[in-house]
Amino acid sequence: MLLDRNVERAALDQLLAAVRTGESGALVLRGEAGIGKTALLDYVAARASGCRIVRVIAVEAEQELAFAALHQICAPMLDRLDRLPDPQRRALSIAFGLSAGSPPDRFVVGLAVLGLLSDLARDQPVVCLVDDAQWLDVASAQVLGFAARRVRAESVVMILAARGGPEDSDLPELVGLPSLAVAGLSDDQARKLLTTSAAIGRIDDRVLDRLIAESHGNPLALLELPRGFTPAELAGGFGLLSAATLPRRIEESYRRQMAALSPSARQVLLVAAAEPTGDPVLVWRAVDRLGIEADNSVSAALTEAGFVEFDGTVCFRHPLLRSAVYQSATTAQRQRVHAALAEVTDHVTDADRRVWQRALAAGGVAEEVAAELEKRAGHAQARGGPAAAAAFLERAAELTPDPVHRGQRFLAAARAKHEAGMPHAGLRLVAMADAGPLDELSHAQADLLRAHIAFAINRGRDIPALLLKAAQRLQPLDAVLARTTYLEAMRAAWYAADLASCATLRDIAHAAAAVPAATPPLSPAGLLLQGLSVRHTEGFAAGVPMLRPALSAFLDPELPLDEALQWSWFACLTALDHCDDDAAEVLTDNFLRLAREAGAVATLPLAMTERIIVLILTGDLAEAGALVEELDNVSQGTGIRWPAYTTQLLSAWAGQEGRTAELVAASLADADRRGEGLGAITSGWAWAVLCNGLGRFEDALDAARKASASSQEMGILTWAPLVELVVAASRVGRTEEAAAALRRLSVMTQACGTEWALGVEALCRALLSDDETEEDTYREAIERLTRTRVRSHLARAHLYFGEWLWQGGHHDEARKHLRTAYDMFVEMGMDAFATLAAGNLGFTGRKRSDESSGQLTMQETQIVRLARDGLSNVEIAARLFISPRTVEWHLSKIFHKLGITSRRQLRRSNTSATAASTSTS
C-alpha cells in the first residue's frame with residue numbers, strides 16, 4: 001500500500017503517459033534506505049500496462065564485475081543483437097563474454113544498449129526499472145547513465161532508484177539526470193501505516209510515538225522495527241533499539257528476526273545472500289557442498305516467514321535484508337560459503353566469477369589465488385575494460401605474500417583504475433605501491449603514473465614538475481619511456497603556460513635536449529620531441545624547420561594507430577602554430593576520424609578541440625558549432641570535464657557578446673582554480689576577437705595584451721592574439737605598441753613562410769602603414785589569404801581594406817570590398833564583423849532568428865550534413881551518440897522546417913541559413 005506519495009506518483013504517471021505517446025524520459029529516485037523507492041518502482045510496474053517492463057536489482061557483491069547489472073537488463077534482448085551496427089554488436093558481445101576481442105569502449109556499448117532499447121520499443125513502449133542503483137558496477141552505471149541522457153523519441157522510460165541526495169558523489173555516472181527526492185511520511189501517515197499495515201498487536205502510545213519519531217517517516221523502518229520485539233515489549237515500551245543510523249537499526253531488526261530461525265535456515269540464507277546472481281541451482285549446490293541439512297521444509301519456512309523466495313531466481317524481501325544476513329555472519333562463515341560457491345561455479349563458462357568467489361574465500365595471503373586473479377584480469381579487461389581489471393588486480397595485490405610482487409600488482413591496479421576514469425582510487429593504490437620495496441624502475445613508473453593521474457584530475461601548475469621528475473628518473477632506466485615522458489611534460493607545461501611553478505616549457509626542453517638521441521630513423525614522436533626541444537631552447541624560428549619532418553611523419557597514412565592517437569594532438573597544434581592550413585586541415589580531420597573509429601573516448605575531446613579551431617578559422621562556424629555540441633555530449637556521457645575554450649572562441653567569432661562574457665568568466669575562474677595559464681590566454685584571445693568585431697577597440701587591446709603577455713612563444717596562442725593587438729592598437733592610435741607587436745609577430749610569420757602567415761603579416765603591416773605602399777600591402781594580404789582556407793582572416797582583410805579605401809575617397813572600390821567582406825561574414829555566421837561591414841555600407845546587418853522561424857539547430861545541421869553524405873539513420877546515430885529513433889524524430893522536424901518530405905530533397909534544399917538568418921534591411 002502506498003500512503004501519501006502524491007507528488008511522486010504524479011511524476012511517475014506523467015512519465016508513463018509520455019512513453020505511451022512515443023516520448024521518452026529518465027528519472028532517478030533518490031532517498032535513504034527503506035524510504036519507499038522500491039515501492040514506487042512496484043507502483044510503476046503495476047501501472048505500466050501495455051508496456052514492456054525490463055527490471056533489474058543491482059547487487060553489492062557484483063560491484064566489481066563489469067557489466068554485471070547491464071547483462072541482467074539486456075539478456076532478454078540479445079536475440080536482437082544482429083540488428084545493431086557491427087561495432088556495437090561486437091562491443092556488446094565482448095562485454096557480455098559472448099565473443100573475444102579488445103576491451104569494448106563504453107560509448108560504443110552505450111550506443112548498443114540504446115539501440116537495443118530503441119528496437120525493443122518498436123513493438124511496445126519500454127519501461128526500464130533499476131533498483132539499488134548505488135550498487136551498480138561502474139561499467140553498467142556509465143552505460144545506463146549514457147542511455148538515460150539520450151532517450152528522447154524512442155518510447156523508452158528509465159527509472160533508477162538509488163540511495164543518497166541528487167548530487168551524490170558515490171554515483172557520479174547519474175549526476176545531472178532528472179531526479180526526485182523521496183522523503184519520509186508525515187507523522188499522521190506513519191501512524192496510519194503502523195496501525196493498519198503492521199500486524200503487531202497493541203502498541204503502547206509512548207512506544208508508538210517513539211517509533212514514529214525515530215523512524216523519521218521511513219516506511220521500511222516503520223514496518224520492520226516492531227517485528228524484532230515481542231508484543232509485551234511493544235506494549236510496555238521495553239527493548240527499543242539504541243540510537244544509530246536508520247539503515248543499521250533496520251538491519252538490527254532483521255537480525256533479531258533471524259534469531260528465531262533454525263541454524264540450517266540461517267546458513268541457507270547466508271548462501272543465498274553471498275550468491276550475487278540469484279541462481280537457485282548454485283545456491284542449493286553450495287548448500288549441499290557445505291553439508292547443510294536443508295530440505296524443502298527449510299525453503300518453505302523461509303518463504304513463509306517472508307525472508308526470501310526461491311523461484312526462477314532467489315529474491316530477498318528487501319536488499320537491506322540481504323545485507324543484514326551477510327553482515328551478521330562471521331568472517332569465517334562468509335569465507336566457507338564463498339569457497340563452496342567457488343567450487344560449484346563453472347570454471348569454463350563463468351571463470352571470472354569463480355575466481356572472484358575464491359578471492360572472497362581467501363583469508364590472509366594466498367599467492368595461488370592472487371596469481372589466478374592476475375591471470376584473469378586480462379580476460380576481465382577484455383570484457384569490462386580497465387575497471388574490471390583494476391578490481392581483480394587490487395584483490396590480487398591484497399592476497400600477495402611477497403612485498404615486491406605485491407607493490408607491482410598494486411601499481412598495475414592503480415594504472416587500471418586511472419585508465420578506468422577513477423583517478424582518486426588510482427592515487428591511493430599508487431601510494432600503497434610506492435610504500436613497498438619496489439625496484440628503481442617501478443618507483444619511476446609510480447612517479448609517472450602519479451603525474452598522469454594528477455594531470456587527469458587537475459591540469460595545472462604542479463604537473464609539469466611531476467612529469468619532469470618522472471622523466472629524469474626514467475632516463476637511465478628506460479630511455480624510450482623517458483623521451484615520451486618529456487613530451488608529456490611539455491604538453492602539461494603548455495597547459496600551465498607561465499603559471500608552471502618550477503618546470504616551464506624552456507626547463508623541460510633543456511632537460512629533454514640532454515637525453516641521448518634515439519637511433520635513426522626517429523619515430524614521429526621522437527621528431528616532435530627533437531623539434532620542440534629546439535624551438536623552446538633556441539627560439540620559435542629555429543624550431544620551425546626542425547618540426548616540419550614531424551608534420552610529414554604524422555601525415556603518413558601508414559602511421560601506427562596507437563602513435564597517431566597518442567601524439568596527433570601535438571602534430572595538429574604544430575600545424576596551427578606554423579600557419580600551415582593544408583596540414584592542419586588534413587591532420588585534424590584524420591585525428592577526429594581515427595578517434596571516432598577507434599572509439600577512443602578519452603582522446604576524442606582533444607581531436608574535437610583541434611578540429612573546432614580549424615573550422616572556426618576557415619569560417620565554417622555551423623560545423624564547428626555542431627562539434628561543440630557533440631563535445632558537450634561526450635563530456636556529459638563520460639564525466640570527463642573539458643574546458644570551454646573552443647566554445648568561447650566560437651561564440652566570440654560569432655559575435656555573441658553575452659554568451660562569450662559568460663564563458664570567459666567561467667573559464668578564467670576555473671583556470672585560476674586549477675593554476676592553468678592556458679585559460680587566461682584563450683579567454684583573452686576570444687574576448688579580443690569579440691571586442692574587435694564589436695568595434696570596442698580599447699577593450700580588445702586590453703584583452704590582447706593579456707593574452708600575448710606570455711614570456712614563451714606559444715605558437716597560435718601567441719600570434720593570433722598579437723594580430724588582435726595590432727588591429728586594436730592601430731584603431732586607437734597606439735602605433736608604437738602596434739609596431740612592437742608586429743615585430744614580434746613577424747619573427748613567427750617569417751619563419752613559417754606560408755601564405756597564411758605572410759598574408760596575416762601583410763594585413764597587420766597595412767594597418768600600420770602611412771604611405772603609398774599601404775594599398776599594395778592590403779592587396780598583398782588579400783592575394784595571399786585568397787590562396788588559403790582561412791576565410792575568417794580573408795574577410796577581415798577585405799573589411800579593413802574597404803574601410804581604408806572609403807577614408808581615401810575611393811567609394812566605389814570600397815563598396816566592392818566591404819560587400820565582399822559582408823557577404824563572407826554573413827555566410828560564415830560572424831555577426832559582429834558583418835555588422836561592422838554593414839555599417840560602412842550604410843545599412844543594418846542581419847540578426848539571428850530563433851528556431852521557431854525555421855532555423856535548424858546545430859544538431860539538426862549536423863544530421864543534414866551526414867544525411868547528405870549518404871549515412872543511414874543508424875550510422876548518424878552512432879556518430880552523434882543518439883538512437884536511430886531520435887535521428888528519425890530530428891529528420892521529421894528538419895523536413896517540416898525546410899518544407900520537404902524526403903532525404904532526396906535534402907540534397908537540393910538550401911540549408912546555408914542554418915547558422916541563422918534574417919535578410920538585410
Side-chain angles (χ1 to χ4, degrees), residues 386 408 411-412 414-419 423 426-427 429-431 433-434 438-497 500-519 522-537 543 546-547 550 553-554 560 562-571 573-574 600 602-603 606 676 678 712:
Q408 291 170 339
L411 193 58
R415 192 175 294 111
K417 290 279 189 185
H418 168 51
E419 292 171 359
L427 281 176
L429 293 177
V430 171
D434 218 9
L438 296 176
D439 58 32
E440 186 62 20
L441 178 59
S442 296
H443 276 302
Q445 291 171 336
D447 283 345
L448 178 58
L449 182 56
R450 189 178 290 109
H452 282 165
I453 295 173
F455 185 77
I457 294 174
N458 188 24
R459 295 186 308 272
R461 60 173 61 90
D462 298 328
I463 313 304
L466 290 175
L467 285 164
L468 178 58
K469 175 189 173 185
Q472 291 172 326
R473 195 169 188 175
L474 282 164
Q475 190 168 317
L477 305 168
D478 187 334
V480 175
L481 184 56
R483 281 190 284 270
T484 59
T485 304
Y486 278 120
L487 202 51
E488 290 175 343
M490 285 187 179
R491 179 172 66 176
W494 185 82
Y495 275 103
S501 57
C502 55
T504 65
L505 273 166
R506 193 169 292 111
D507 296 329
I508 297 164
H510 277 292
V515 180
T519 304
L522 295 181
S523 68
L527 292 168
L528 271 176
L529 179 63
Q530 183 184 70
L532 289 169
S533 296
V534 171
R535 170 174 157 180
H536 293 297
T537 54
M546 297 294 294
L547 282 163
F554 278 92
D562 57 346
E563 191 156 13
L565 289 175
Q566 185 174 11
W567 300 118
S568 282
W569 174 84
F570 250 136
L573 182 63
T574 300
T603 305
L606 286 170
E676 184 175 301
L678 185 67
Q712 305 169 88

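Every heavy atom of this structure was used, including side-chain atoms; hydrogens, water molecules and symmetry mates were not.
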> Counting only N and O atoms by type, is there a donor-acceptor contact under 3.5 Å from the side chain of Asp507 to the main-chain atoms of Thr504?
Replying inline: yes
>> Rounded to the nearest 0.5 Å, what separates atom CG in Leu441 from atom CD in Gln408?
In response: 9.5 Å
> Is any side-chain heavy atom of Glu488 closer than 4.5 Å to a side-chain heavy atom of Phe570?
Replying inline: no
> Would you call Asp447 and His443 a side-chain contact if the rule is heavy atoms closer than 4.5 Å?
Replying inline: no
>> Could you walk me through whether Leu529 and Val515 satisfy the side chain to side chain contact (heavy atoms under 4.5 Å, CB included) test, starting with their C-alpha distance in whole Å, then the side-chain angles of each, then the deciding distance to 0.1 Å, before giving a yes or no?
In response: CA-CA 11 Å; Leu529 179 63; Val515 180; over 6 Å; no
>> Would you say that Arg483 contacts Val480 through its side chain, given a criterion of any heavy-atom pair below 4.5 Å between the two side chains?
In response: yes
> Between Trp569 and Tyr495, how do the two ring planes meet: parallel, tilted or perpendicular, split at 30° and 60°?
Replying inline: parallel
> Going by heavy atoms in the side chains, are His452 and Leu466 under 4.5 Å from each other?
Replying inline: no
>> Taking the side chain as everything from C-beta on, heavy atoms only, tell me whether Ile508 gets closer than 4.5 Å to His536.
In response: no
> So do Leu532 and Leu487 actually touch side chain to side chain, heavy atoms under 4.5 Å?
Replying inline: yes
> Hey, is the main chain of Ala525 close enough, under 3.5 Å, to the side chain of Glu563 for a donor-acceptor pair?
Replying inline: yes
> Under the side chain to side chain contact (heavy atoms under 4.5 Å, CB included) criterion, do Lys417 and Leu427 qualify, and how do the steps go?
Replying inline: CA-CA 9 Å; Lys417 290 279 189 185; Leu427 281 176; over 6 Å; no
> In Å and rounded to the nearest 0.5 Å, what is the OG1 to CG distance from Thr537 to Leu505?
Replying inline: 11.5 Å
> How close do Ala511 and Gln472 get, heavy atom to heavy atom, and via which atoms?
Replying inline: CB-NE2, 4.1 Å
> Side chains of Phe554 and Leu528: does their closest heavy-atom pair fall under 4.5 Å?
Replying inline: yes
> Under 3.5 Å, is there a donor-acceptor pair between the side chain of Arg473 and the main chain of Ala482?
Replying inline: no
> In Å, rounded to the nearest 0.5 Å, how long is the span from OG of Ser442 to CG of Leu449?
Replying inline: 11.5 Å
> How close do Ala433 and Leu438 get, heavy atom to heavy atom, and via which atoms?
Replying inline: O-CD1, 3.2 Å
>> For a quick test of reading the model, state the closest non-hydrogen atom pair linking Ala503 to Ala493 and the distance between them.
In response: O-CB, 4.0 Å
>> Using a 3.5 Å distance criterion without hydrogens, assess whether the side chain of Ser568 forms a donor-acceptor pair with backbone atoms of Leu565.
In response: no
> About how many Å separate CE of Met490 and CZ of Arg506, when rounded to the nearest 0.5 Å?
Replying inline: 11.5 Å
>> If you compare all heavy atoms of Met546 against all heavy atoms of Gly531, which two are closest, and at what distance to 0.1 Å?
In response: CB-CA, 3.8 Å
> Going through the checks in order, is the side chain to side chain contact (heavy atoms under 4.5 Å, CB included) test met by Leu467 and Arg491?
Replying inline: CA-CA 10 Å; Leu467 285 164; Arg491 179 172 66 176; over 6 Å; no
> Under 4.5 Å between any side-chain heavy atoms of Leu468 and Thr485, yes or no?
Replying inline: no
>> If I compare all heavy atoms of Gly426 with all of Ala414, which pair ends up nearest, and what's the gap?
In response: O-CB, 3.4 Å
> How close do Arg450 and Asp434 get, heavy atom to heavy atom, and via which atoms?
Replying inline: NH2-OD2, 2.9 Å
